[in-house]
Amino acid sequence: MTAITDRSRNTVAAPVVVPDMQIEIWSDVVCPWCYIGKRRLETALADFPHADEVEVVWRSFQLDPAAPREATESIAAHLGHKYGGGEAAGREMVDRVSEVAAGEGLAFGYHDARRANTVDAHRLLHLALAEGGPSLQGRLKERLLAAYFVDSENPADHETLTRVAGEAGLPADRVAAVLASEEYADEVATDAAQATAYGATGVPFFVVDRRYGVSGAQPTEVFAQVLERAWSESQPLVQVVGQDAGGEACGPDGCPV
């Protein structure tokens, strides 16, 4: 866990409702550890007594910004070429991380998923945040991750992105307009720059209340500890002095004289 001093937050149109705790997560929709980390955080939040007062916002980070818009190579083949051993070795890598994912209730099956650019998926995530806030963005994030890791769908294909965005609840006209333009491209780049400023060298990277950074898909217990610590520091207990020492005070029954 890394201490972070910048406490600034996004500004939105009035009225502004500031959550008691905000968790920002830098991740990519083709990052298996990002999906695993998402589940582990959600498990920790399920047992966190103040979960209803926690806001989760997804930030953009591209693991492979040079990936092509037109997907041709399978992820297994790409991993095998990148790390050696060919496609068979790449499939073994996918198998190993899929075993870990299964322990979190995730049924990965992405050996044949294609290496492709994810910038358009990230632009839609920014659209979702603008249109419906963290709740809508969270639904889209889950569907994008499932589309890739469970269904081996192409994260750059506009037809796929349009369908997934519609399933999440985004308005079709806005999805079409964003995909036909470069809208939110600057926001994607800004997110990546902020991750670098925080010192993040990989994802997932979690930032709690702009104060604590957690790198990687840590065990659920680690997330639980961070949540408790951040909450206790943002909601300090007030020590009452003199309550039993006879000091006069007014109460619901009036004021003693």
Seminar exercise, completed: P68 meets the side chain to side chain contact (heavy atoms under 4.5 Å, CB included) criterion, sequence neighbours left out, with R115

For this session: Provide the full list of side-chain hydrogen bond (donor to acceptor under 3.5 Å, both in side chains) pairs with a residue in residues 94-103, sequence neighbours left out, each pair given once.
Result: D95-H111

Exercise. Applying salt bridge (Lys or Arg N to Asp or Glu O under 4.0 Å), which residue pairs with at least one partner in residues 103-112 are found, sequence neighbours left out?
Worked result: R40-E104, R91-D112

For this session: Could you verify whether a donor N or O on one side chain and an acceptor N or O on the other, from D28 and H122, lie under 3.5 Å apart?
Result: yes

Exercise. Listed by chain and number, what are the side chain to side chain contact (heavy atoms under 4.5 Å, CB included) partners of E187, not counting sequence neighbours?
Worked result: H126, Y184

For this session: Can you run down the salt bridge (Lys or Arg N to Asp or Glu O under 4.0 Å) pairs that involve residues 118-131, sequence neighbours left out, and say none if there aren't any?
Result: R69-D120, D120-R123, E131-R174

For this session: Please identify each residue that fulfils side chain to side chain contact (heavy atoms under 4.5 Å, CB included) with Q218, with sequence neighbours left out.
Result: V214, V222, F223

For this session: Check side chain to side chain contact (heavy atoms under 4.5 Å, CB included) between T162 and all other residues, then give those that pass, not counting sequence neighbours.
Result: V175, L179

Seminar exercise, completed: Residues passing the ring-ring contact (aromatic ring centres under 6.0 Å, His included) test with W26, sequence neighbours excluded, are Y198

Could you go through residues 43-51 and list every donor-acceptor pair under 3.5 Å that involves a side-chain atom there, pairing it with any protein atom two or more places apart or in another chain?
unit_1, atom_1, unit_2, atom_2, d
T43, OG1, R39, O, 2.9
H50, NE2, W231, NE1, 3.1

Please report, to 0.1 Å, the donor-acceptor pairs under 3.5 Å made by any side chain of residues 143-153, with sequence neighbours excluded.
unit_1, atom_1, unit_2, atom_2, d
R143, NE, E167, O, 3.4
R143, NH1, R139, O, 3.4
S152, OG, G109, O, 2.7
E153, OE1, R163, NH1, 3.1
E153, OE1, R163, NH2, 3.1
E153, OE2, R163, NH2, 2.7

Seminar exercise, completed: Residues at least two apart in sequence or cross-chain that pass salt bridge (Lys or Arg N to Asp or Glu O under 4.0 Å) with K38, listed by chain then number, are E42, E142

For this session: Report the hydrophobic cluster partners of V188, with the cluster defined as I, L, V, M, F, W, Y residues connected by side-chain heavy atoms closer than 4.5 angstrom, directly or transitively.
Result: V119

